[in-house]
Amino acid sequence: MLANKQKKLLAILIFLCIYLHCKPIEASAKVLSASLSLELNSKKDIAYINKINDKANRLRYYNTDSLLILAKEAYLLSEYINFIDGKSNALLLMANYYSDTGNNKKAISFYKQALRESKKGSNSIIQLSVMNNFARSYYYSGYYAKSLSIYLEGVELAKKEGNIKMLSIMNENIANLYKAQKDYDHALLFLKKSIKLNDSISDDFNSAKTYSNLAAIYGEIGNIEHAMFNINKSISIFEEYNNVRWIAQSYRTKGDIYLKQKKYDWAIRWYDQSLLLYDKIKNNRGKIELFNGFSQAYYGLKKDSISEVYALEAYKESKNINSIKNIEDSANILYKLNKRKQDYKNALFYHEIYEKVTDSLSRTENGHSLRMLKTKMERDKYKETNAVVTKLELAKKQGIIYIAIAILIIWGVITYMMSKSRKAHKRLNTELQLKQVVLENREEELEEINNTKDKLFSIIAHDLRGPIGALLEVLKMMKSGDIALSEFRDFVPRLIKDVDHISFTLNNLLSWGQTQMNGATTYSTTVELNKLVENNMNLLSETAKNKSIRLINEMTDVMLIYSDPNQIDIVIRNIISNALKFTPEGGSVTIDAQVKYQFIEVTIKDTGIGMSDEALKKIFATNETYTTFGTNNEKGTGLGISLCKEMLENNGGNLWAKSKLGKGTSFYFTIPKGKENYQIAG
């Protein structure tokens, strides 16, 4: 029995080494030797093969050669013990290798084999993974209709198996097909489906991927506010998981959003951060798009020599992996660069490449929308036809075939009439929805203007008029002789306190007003965070002393940030002031900071009265003013946190908080890290 197995494995090994152009012959010989030496327990075999496949999968973006070696080894062992799921998985990994290295023809061949094998097995997760990667390979090659067909088949299987995670991923990838055709409405529709599915299973990591894709689409259509909101949300989740690949991609997407706004310096800054992470992994497709982004940003800054270096690198790598869309982008920027420097020969060369690729894509894409719909309709029609055939066969057996045919004809006529009615209905609904969206947008704009006006009047009426009126009244009484000089001195501490409040409120009000009128201008430079913290601690030390509150600075190392020092100064002062306001006597306020990737994360923690979840939501709400009195009845405007949030976002950072009633509040914010060789602001 053992001799027969030995002969079988030897024959398989020789065949596969020729078929797969197997380089690691020595490694395979070791596997053969080990397999021939003893009869392995099949459960141990399966566990070992799964372990090899898992290891190969983890190496995809780090060591692709090792991935191929391990996948081939797993395939040999799976073939030997006839482990179908192991073979399917190994073939999938080999297909991924050839797809990543640009050999699309070979990749598609292996994907087809993997799909055939996976359908023989019982593991639907492997089959869905094969479908997802297979469809993506067609997408990279520009065959959107074939890609969609596989995705739709995957959607049906995921629904049948109740696999919500894969159903979400399939919907998201269908959205990418629509995005490639610049059909952003349908792309957003499928992405929102994906978000609902992720929420239903509390999968925040997959949600973060969807937020990143949402941000890219909103950036494309110019909805910058939504784009920034979604990309910041995705970055915070990816950083929490420490997933280098997706952090790199999200940083690149954020750079693309700044590029869309023509904020080229900020785009380059995020591209630089993305490149640092891409250098740790092997993801050629992502890196090519990053190089094209660099090239466009430097072209916008008229630094053509740098732009050309990145464009040439993107063009070379695009050709290596046969990425048609990236060839189009890099050829276009090279055409513009050569035209601007009057090198018309090269300009013509790249323009011809650009036109050729664009024409190719256009010819392919001319019928894509129809073919995508046709593919879906054919699938639906196929299901309906199968159902009708089944009914006819049953009717034939029961002797009522003619009745069934008559019913089928009637059904066809009714379906045709209903189809025409639905189309007319759909057209009318679309027109009504468009008008409704326009009205809602106008209503939101008017409501926002009214909210801003109400907020200003509320602050002036309640927080400025009271203290100013009190000060004026005391001065009138002093002038008219109603109070003596000695009595006036008794009012001085209270008046000083009111004037301080007026000054602090006006400072916040003016800063906030500036951000509401066409946006605040941010002048970023490298500055020492420690100095800003120390200055504000000194400024607020008297307030802390009056309440017997300890101000503790736990920052030990000098930390440089790249930001507008005046705006960050206001942020620090507001948060410390709030902490003092809501901390009772004898408490403490602690300031600390630490490096997180390309950011500095600052923590300001107090031992105050804390907040409920509802109050915490209100202070971050954009269109709400939420204020309350401190532990010693100190007043506030309700502007502080809203102002801090806007200023931090203008500086490329973020703000959030955690709080528990009776246990204090911790505010956290991030600021881009400065470089030591930059000139430090005084």
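Note that the CG atom of L616 and the OG1 atom of T665 stand 7.5 Å from one another [nearest 0.5 Å]. Summarising the geometry, atom CG belonging to N651 is positioned 6.5 Å from atom CH2 belonging to W266; distances are rounded to the nearest 0.5 Å. Note that CG of N536 is 11.0 Å distant from OG of S541, once rounded to the nearest 0.5 Å. A distance of 12.0 Å separates CG in L259 from OG1 in T253, rounded to the nearest 0.5 Å. Between atom CG of residue N242 and atom CD1 of residue I247 there is a gap of 5.5 Å, rounded to the nearest 0.5 Å. One finds the OG atom of S168 at 12.5 Å from the CZ atom of F190 (value rounded to the nearest 0.5 Å).
No side-chain donor from either of E601 and Y668 sits under 3.5 Å from a side-chain acceptor of the other. Using a 3.5 Å distance cut-off with no hydrogens or angles, the side chains of D256 and Y271 do pair a donor with an acceptor. No side-chain donor-acceptor contact under 3.5 Å links D265 and Y258.
Between I641 and N578 there is a side-chain heavy-atom pair separated by less than 4.5 Å. Side-chain atoms of Q249 and K254, non-hydrogen and from C-beta on, never get closer than 4.5 Å to each other. In this structure, the side chains of L128 and L167 stay at 4.5 Å or more apart for every pair of heavy atoms. Between I600 and L560 the shortest side-chain heavy-atom distance does not fall below 4.5 Å. Side-chain contact check for L540 versus L580: some heavy-atom pair is nearer than 4.5 Å. Between L275 and R252, the closest side-chain pair of non-hydrogen atoms is not below 4.5 Å. Annotation: side chain of V589 is in contact with side chain of I604 (closest heavy-atom distance under 4.5 Å). Inter-residue side-chain proximity for V155 and I174 is flagged as met; some heavy-atom pair is nearer than 4.5 Å.
At most 12 heavy atoms of other shown residues, nucleotides or ligands fall within 6.0 angstrom of atom CD1 in I125. Residue-environment remark: CD (E240) stays at or below the threshold of 12 foreign heavy atoms within 6.0 Å. Around the CZ atom of F229, the shell of radius 6.0 Å holds no more than 12 heavy atoms that belong to other residues, nucleotides or ligands. Within 6.0 Å of CG on D279 lie more than 12 heavy atoms contributed by other residues, nucleotides or ligands.
Nearest heavy atom pair, residue N230 against residue H226, reads ND2-O, 2.8 Å. The two residues K179 and E220 come nearest to each other via the heavy atoms CE-CG, 4.4 Å. Between A227 and G219, the closest heavy-atom pair is CB-N, 3.7 Å. Between F599 and G652, the shortest heavy-atom distance links the atoms CE2-O, 3.4 Å. Between F205 and I237, the shortest heavy-atom distance links the atoms CA-CG2, 4.3 Å. Contact between P584 and I549 at its shortest, heavy atoms only, is O-CG1, 3.8 Å.
The residues E172 and K209 are annotated as not salt-bridged, no charged nitrogen and carboxylate oxygen being separated by less than 4.0 angstrom. Comment: K547 does not engage E585 in a salt bridge, judged by the lack of any side-chain N to carboxylate O separation of less than 4.0 angstrom. Ion pairing of K605 with D592 is absent here, as no side-chain N (NZ or NE/NH1/NH2) approaches a carboxylate O to less than 4.0 Å. Taking 4.0 Å as the cut-off between side-chain N and carboxylate O, E289 and R285 do not count as a salt-bridged pair. The pair R573-D569 counts as a salt bridge, with a side-chain nitrogen and a carboxylate oxygen less than 4.0 angstrom apart.
Annotation: cation-pi geometry satisfied between K233 and Y211 (NZ/CZ under 6.0 angstrom from ring centroid, within 45° of ring axis). Relative to the six-membered ring of Y562, K673 misses at least one condition, a distance below 6.0 Å or an angle of at most 45° to the axis.
Side chain of D564 to main chain of Y523: a donor-acceptor pair is present (N/O by atom type, distance under 3.5 Å, no hydrogens or angles). Within the 3.5 Å criterion, the main-chain N or O of M559 finds a donor-acceptor partner in the side chain of N530. D204 contributes no side-chain N or O that, together with a main-chain N or O of S207, makes up a donor-acceptor pair within less than 3.5 Å. The closest donor-acceptor contact from the side chain of T607 to the backbone of G664 lies at 3.5 Å or more, if one exists at all.
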- Before giving the answer on side chain to side chain donor-acceptor pair (under 3.5 Å), spell out for N198 and K165 the whole-Å C-alpha distance, their side-chain angles and the decisive distance to 0.1 Å. CA-CA 7 Å; N198 289 330; K165 181 177 179 179; over 6 Å; no
- Query: Could you go step by step and tell me if Y218 and I257 meet the side-chain contact (heavy atoms from CB on, under 4.5 Å) rule?
  - Reply: CA-CA 9 Å; Y218 281 129; I257 295 167; over 6 Å; no
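Every pair tested for side chain to side chain donor-acceptor pair (under 3.5 Å) that includes a residue from residues 549-560 fails, sequence neighbours excluded, so the list is empty.
Screening Y251, Y597, F294, Y264 against W270 for a ring pair (Phe, Tyr, Trp, His ring centres under 6.0 Å) leaves a single residue, Y251.
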